[in-house]
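The structure under discussion appears below in the form of structure tokens.
All heavy atoms count here, side chains included; hydrogens, waters and symmetry mates do not. Chain letters run A, B, ... following the sequence lines, proteins first and then strands; every chain starts at 1. Small disclaimer: the values here were computed from a predicted structure and weren't measured.
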Amino acid sequence: MPELPDVEGFRRVLDSCVRGRSIERVEVADPGVLREVTPWRLERALVGRCFAEPRRHGKWLIAATDGPVVLLHFGMTGSLVCCSPADPLGRHDRVAFVAGERQLRYRDQRKLQGIRLVADQDGVRRALSELGPDALDVGPAEFDELIDGRRARIKAVLMDQSVLAGLGNLLADEILWRARVAPDRQAAGLAAEERRRIHRAMRRVLRDSVRVGHIPAGSTWLTGRRDSPDPACPRCGTRLRRGRITGRTTLWCPHCQGEGQALSGAAGVPAVEQDPSDDPGRE
DNA sequence: CTCGTTGTTTCGAG
DNA sequence: ACTCGAAACAACGA
């Protein structure tokens, strides 16, 4: 689940749960989720400290305190939950930050070392230095620059965290579907008009999903179709195509987005360019 | 037992 | 040097 909108949701959970509260204890049920920090050192560094306003960059949650900073990543299955001491420890509750009657629990089915500890803002900067700008902060001009000259397929570029931070597999499919661009088009081969459509779709998809804290599975979203065995395009009803890009399952509509360059030939801009007959999709 | 999964990191080819 | 993509990582469910 966790892509940018989900992490933004976790940020709000942290904010309302423990911001301004003093950390009494850090309970590490499973040290497997800690990266380069021992349970003992984590506890030592945080006890007595106060959670400040949390920030987010891409899929990273930046949990600052009046001392060190905790960095949280949620991999594919992680989440953050606000609990009371009475709530029984779930099977996948790996770490609990205890602050009085509230406790913030890091929950993850897997153990992909999503929790880091850094001393200060400079440590945050160093730890996240490989990331591109947060996808929500990228305007149209910057988007163009980021895409410019990339030989990879557009979906791979959108998911590349060093280019743009925050988009994952589901969002990338959703955005390209809305922009009516096939996911296997080479980024460098996109027309200015297509890049603009992708950027606008990105803004729209992010805005709508950040609002609810996850990617909506509504009837006008591609994402909800993912699990059905024979999914149809929410816009035109055409049977969706399923493929694999950069090792991830990719869904697209051959009618709205074109077959993709592999099938449309070297000269071809797919028949997406003229948009008279297609209705512009509704929310 | 096999395959698949929303994520990142690492390695090797072009 | 740079860019890309596949594999590895790991735990679980179908």
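Comparing C/dG5, B/dT5, C/dC12 against the side chain of A/Arg153 picks out C/dG5 as the nearest. Nearest to the side chain of A/Thr77, among B/dT5, C/dG5, B/dT6, sits B/dT6. Side chain of A/Arg151, nearest nucleotide from C/dG5, B/dT5, C/dC4: C/dC4. Residue A/Leu112 places its side chain closer to C/dC9 than to any other of C/dC4, C/dC9, B/dT6. With B/dT6, C/dG5, C/dA11 as the candidates, the nucleotide lying closest to the side chain of A/Thr246 is C/dG5. Here C/dC12 is the nucleotide among C/dG5, C/dC12, B/dT6 with the atom lying nearest to any side-chain atom of A/Arg91. Out of C/dC4, B/dG7, B/dT9, the shortest distance to the side chain of A/Asn169 is found at B/dG7.
Between the side chain of A/Arg248 and the base of B/dG7 there is at least one donor-acceptor pair of N/O atoms closer than 3.5 Å. The base of B/dT5 sits within donor-acceptor range of the side chain of A/Arg110, with an N or O pair under 3.5 Å.
Stem list for DNA chain B (at least 3 consecutive Watson-Crick or G-U pairs, distances under 3.5 Å): B:2-5 with C:11-14, B:7-14 with C:2-9.
The distance from atom CD of A/Gln161 to atom C1' of B/dT6 is 12 Å, rounded to the nearest whole Å. Atom pair A/Asp227:CG and B/dT5:C1' shows a separation of 10 Å (rounding to whole Å applied). The CG-P distance, from A/Asp6 to B/dG7, rounds to 9 Å in whole Å. When rounded to the nearest whole Å, the span between CG of A/Leu128 and P of B/dT9 equals 10 Å. Computed from coordinates, the A/His214 NE2 to B/dT6 C1' distance equals 14 Å when rounded to whole Å. Atom pair A/Gln109:CD and C/dA14:P shows a separation of 11 Å (rounding to whole Å applied). Whole-Å rounding puts the A/Met159 CE to B/dT9 P distance at 15 Å. Counting to the nearest Å, the P atom of C/dC9 and the CG atom of A/Asp108 are 18 Å from each other.
Ring pair A/Phe143/A/His199 is tilted by interplanar angle, where 30° to 60° counts as tilted. Using a 30° and 60° split on the angle between ring planes, A/Phe74 and A/Phe10 fall in the tilted class, from 30° to 60°.
Atom CZ of A/Arg44 has 12 or fewer neighbouring heavy atoms from other residues, nucleotides or ligands inside a 6.0 Å radius. Applying the 6.0 Å contact sphere to CZ of A/Arg239 captures no more than 12 heavy atoms from other residues, nucleotides or ligands. Within 6.0 Å of CZ on A/Arg200 lie no more than 12 heavy atoms contributed by other residues, nucleotides or ligands.
The pair A/Arg94-A/Asp108 fails the salt-bridge criterion, with no side-chain N (NZ, NE, NH1 or NH2) lying under 4.0 Å from an Asp/Glu carboxylate O. Using a 4.0 Å cut-off between charged nitrogen and carboxylate oxygen, A/Arg116 and A/Glu36 count as a salt-bridge pair. In this structure, A/Arg12 does not pair ionically with A/Asp15, as no charged nitrogen and carboxylate oxygen lie closer than 4.0 Å.
Using a distance-only test at 3.5 Å, with no hydrogens or angles considered, no donor-acceptor pair links the side chain of A/Arg153 to the main chain of A/Asp184.
When the side-chain nitrogen and oxygen atoms of A/Lys59 are compared with OP1 and OP2 of B/dG7, one or more of them lie within a distance under 4.0 Å. Checking the phosphate oxygens (OP1, OP2) of C/dA11, no side-chain nitrogen or oxygen of A/His92 falls inside 4.0 Å.
When the nearest nucleotides of DNA chain B are assigned to A/Arg244 and A/Arg116 by heavy-atom distance, the more 5′-ward of the two goes with A/Arg244. Nearest-nucleotide mapping onto DNA chain B: of A/Arg242 and A/Arg35, the residue sitting toward the 5' end is A/Arg242.
Using atom P as the reference point in both C/dC12 and B/dT9, the two lie 22 Å apart (nearest Å). Spacing between B/dG4 and C/dA6 at atom P, rounded to whole Å, works out to 14 Å.
In this structure, A/Gln113 reaches neither bases nor backbone, as no heavy-atom distance under 4.0 Å exists between it and the strands shown.
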